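Worksheet: the structure to be examined is printed underneath.
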Amino acid sequence: MIDRPSDELTLTLPDGSTRTVPYGTLPRDVVASIGAGLLRAAVAIELNGAVQDLVTPLRDSGAFRVLTEKDERSLDVLRHSAAHLLATAVRRLHPKAAIGFGPSIEDGFYYDFEVTEPFTPEDLAKIEEEMRRAANEKFPFVRDEVNRATAQQRFIDDPLKLERLSELREDEVISTYTDGPFIDLCRGPHLPDTSRIKHFKLLHTAGAYWRGDEHRQMLQRIYGTAWWNKEDLAAYLHRIEEAKRRDHRTLGKELDLFSTDQRVGAGLILWHPRGGVIRREIEDYERELIMRHGYDIVYTPHIVNEKLFEISGHLQTFKENMFGPIDVEGQFFRPKPMNCPGHIVIYQSRQRSYRDLPIRYAEFGTVYRYERSGVLHGMLRVRGFTQDDAHVFCTPEQVTVEIERLLDLVHEMLGVFGYPYTIELATRPENALGEPAVWDRAVRTLADVLKARGQAFTYDEGGGAFYGPKLDFKLIDAIGRKWQGPTVQLDFNLPERFALEYIGADNAPHRPVMLHRVLVGSMERFVGGLIEHYAGAFPLWLAPEQISIIPITPDVAPAAAALAERLAEAGLRVGYDAENREDYRERIKTASRMKVPYMAIIGKREAESGTVALRFRGSEKKQETIAVDALVERLRAERDTRALAPSDALQPAANGL
RNA sequence: GCCAGCUUAGCUCAGCGGUAGAGCACUCGAUUCGUAAUCGAGCGGUCCCGAGUUCGAUCCUCGGAGCUGGCUCCA
């Protein structure tokens, strides 16, 4: 295998020193020559930025660095090895299981198996136990570089591996890795031995198509996670728990925000009054925002003659995601899967002059898309949802300014919700419409605007829509997860298909440019995301109930009722049970459970002095006595500024909710 | 759509081939009570739907719906 044995390699260590070793030297030997302690700590090495293990022959000169458990990248090696350990255990328990792929993934690993009987949760526990046993047996990961014929022989009973093998090019090194009884066709890198895999857990099983192709057989995938130490594993499991605690489906039920019902149908959201408050506040805010930014609000029908979607091309391209036609006196109508055609028709309702542009139409447009049953998920993936959709029709010269305005709009809005964000510029996909030159110019325009504003972004190569490039904003939520945020798309397609025109200063017709944009995207998805972002503890302006009034004894009911009225007059959403049915302790419990931002507790002392004892959600027993007038002002200010948190000492502890 | 699992009271969940349970919630009554569960009583079920097997099905089988975790998909 070693084709240039006479060559020497020069390795540059991080301290700048160099070593000269023969071609094909094992990194293990280089590391050992640096120090025995380092060899013990070594997980893998990095050569010119690429991770390889200690038993893969060196084939290039360059920057050489030893990776230990402290290096982030060493986790991938651990997890990939854990995947092999998993396969080792599965093969011991289920000798007939055929093996697919077993890579490391973010936070863990998986391995795919082809078995006659799918794994059960009980199997998982047994497999995990077997993995621990195999780890303790301290099997070294042995790399072997072989020729094709030998490899074919080794995997004679593993058709999936043979398929993979047949795809390897002639000039590629074919390697196998063995740990104890298990052998895999694998490029590596791997740990020195299985005993380094100590802190892991199998999480769940799932079906997965072989090669990710839904036309091929389904394999059984086992997911797991692995870490270098107990603390990291515990922290990860805690993170999963935290995500579960924030799950919008659970909180949506607990806080009475929304539901679904099988009589209504899967993927269709019913907004309850409390969820309705949140949505209405967002809509009111956004309406105010976009009016300020020069939009006009329009309304278009929910069902549309399907011929319109033939013109737009959606019926040809996206028929599978559209609900079927409704026969109305021989004409076929369909629920709209997007709002653009309607806005275009409004644009075309009269002749447009360059003096009219830009035209910005906005609509909270409810659209319906047929999503396959398996993909539905709470409010995040649904079949009917309301987009805060807008379309900007402008001259080519106006595009830059319009993009800038959109960036301002997005920045302002995301700030209000407390989302940091990143920007991706998605470029021309494979089967794109339009001239590559036009695409290049459009992508450059977008990039130039971002650069001119000093706004960081990354490219998502080939990630654009078929009709134009786009800017994708990714929101980062309170626990660091990324969410699909606003998108801005340039469209080269629809203006052509609909033959959009405006009359220019030269008195000749011209084709306008069309921008699609959403800010929240889908009300459903956005609110679902917000529930998780805030863990159900909404800032005052969004909270369905903003303050709960809690009299300690029936004596003070008149003062409590008067306070409720004062606050309601100020437009605040007040929770107060005039019937006085509940014990004050019950009310505190309920207000806490419902994550009401403020509790105004009134006893004899407060009633006599015209004050309340004010408590903020999560601040436990920290509270302050505040005059009623001051309270009203304070809440009004906090609400009107759409503050994310109270401005002062009542702020909760960092972990408080 | 595919693989697996799940569906029992409003919620969270036990349970069993022989007519169904707990806690919380809810309803009623009592309680003059200073910061997250006062006491007592009561109400509450098409055991997801349909068909089959069985003397008998919430439980077993088949079909369907919905949900969960993934896969595929996401204009």
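The analysis underlying the following values was restricted to heavy atoms, covering all of them including side chains, and did not include hydrogens, waters or symmetry mates. The chains referred to below are lettered A, B, ... by the order of the sequence lines, with proteins before strands, and numbering in each begins at 1. The structure presented is a predicted model; accordingly, all values stated were derived computationally and were not measured.
Using a 4.0 Å heavy-atom criterion, one finds that Gln484(A) contacts no nucleic acid atom at all. Heavy atoms of Thr317(A) sit nowhere under 4.0 angstrom from any nucleic acid atom. At the heavy-atom level, Ala613(A) lies under 4.0 Å from base atoms of the strands shown.
Glu114(A) places its CD atom 14 Å from the P atom of rA4(B), with the value rounded to the nearest Å. Taking atom CG of residue Asn321(A) and atom C1' of nucleotide rG1(B), one finds them 12 Å apart after rounding to whole Å. Between Asp555(A) atom CG and rC33(B) atom P the separation is 9 Å, expressed in whole Å. We find that CD1 of Ile588(A) is positioned 11 Å from P of rG34(B), with the value rounded to whole Å. rA4(B) atom P lies 21 Å from atom CG of Leu203(A), rounded to whole Å. Atom pair Lys253(A):NZ and rC24(B):C1' shows a separation of 15 Å (rounding to whole Å applied). The nearest whole Å value for the distance from the CD atom in Glu254(A) to the P atom in rC24(B) is 17 Å.
Remark: the Arg615(A) side chain and the rU35(B) base include a donor-acceptor N/O pair separated by less than 3.5 Å. Taking 3.5 Å as the limit, the base of rU38(B) and the side chain of Glu586(A) contain no donor-acceptor pair of atoms between them. Taking 3.5 Å as the limit, the base of rC2(B) and the side chain of Arg372(A) contain no donor-acceptor pair of atoms between them.
A gap of 6 Å separates the C1' atoms of rA9(B) and rG44(B), to the nearest Å. With P as the reference atom, rA36(B) and rU31(B) are 24 Å apart, rounded to whole Å. Remark: the separation of the P atoms in rG21(B) and rG52(B) is 29 Å, to the nearest Å. rG64(B) and rC6(B): their C1' atoms are spaced 16 Å apart (whole Å).
Two rings, from Phe113(A) and Phe119(A), have their centers less than 6.0 Å apart.
The phosphate of rA36(B) has neither OP1 nor OP2 within less than 4.0 Å of any side-chain N or O from Arg593(A). Taking only side-chain nitrogens and oxygens, Lys589(A) never comes nearer than 4.0 Å to OP1 or OP2 of rU38(B). Side-chain nitrogen and oxygen atoms of Arg381(A) include none within less than 4.0 Å of the OP1 or OP2 phosphate oxygen of rU72(B). In terms of phosphate contacts, Lys604(A) brings no side-chain nitrogen or oxygen within less than 4.0 Å of OP1 or OP2 of rU32(B). Between His204(A) and the phosphate of rU68(B), there is no side-chain N or O to OP1/OP2 separation shorter than 4.0 Å.
In this structure, Tyr361(A) and Asn339(A) have side chains that are not in contact, with every pair of non-hydrogen atoms separated by 4.5 Å or more. Residues Tyr111(A) and Ile99(A) meet the side-chain proximity criterion, which asks for heavy atoms closer than 4.5 Å. Phe385(A) places none of its side-chain heavy atoms less than 4.5 Å from the side chain of Ile269(A).
The closest side-chain donor-acceptor pair between Trp210(A) and Glu163(A) falls under 3.5 angstrom. One side chain, Asp477(A) or Trp483(A), offers a donor N or O that lies under 3.5 Å from an acceptor on the other.
Among the duplex regions that RNA chain B forms, those built from at least three successive Watson-Crick or G-U pairs under 3.5 Å are B:1-7 with B:65-71, B:10-13 with B:21-24, B:26-30 with B:38-42, B:48-52 with B:60-64, ordered by first number.
Salt-bridge check for Arg372(A) with Glu214(A): passed, with a basic side-chain N closer than 4.0 Å to an acidic carboxylate O.
Proximity of residues 208-226 of chain A to RNA chain B (heavy atom under 4.0 angstrom from any strand atom) is restricted to Ala208(A), Tyr209(A), Gly212(A), Glu214(A), Met218(A), Gln220(A), Arg221(A), Tyr223(A).
Screening residues 302-316 of chain A for salt bridge (Lys or Arg N to Asp or Glu O under 4.0 Å) gives Glu306(A)-Arg334(A) as the qualifying pairs, with residues at least two apart or on separate chains.
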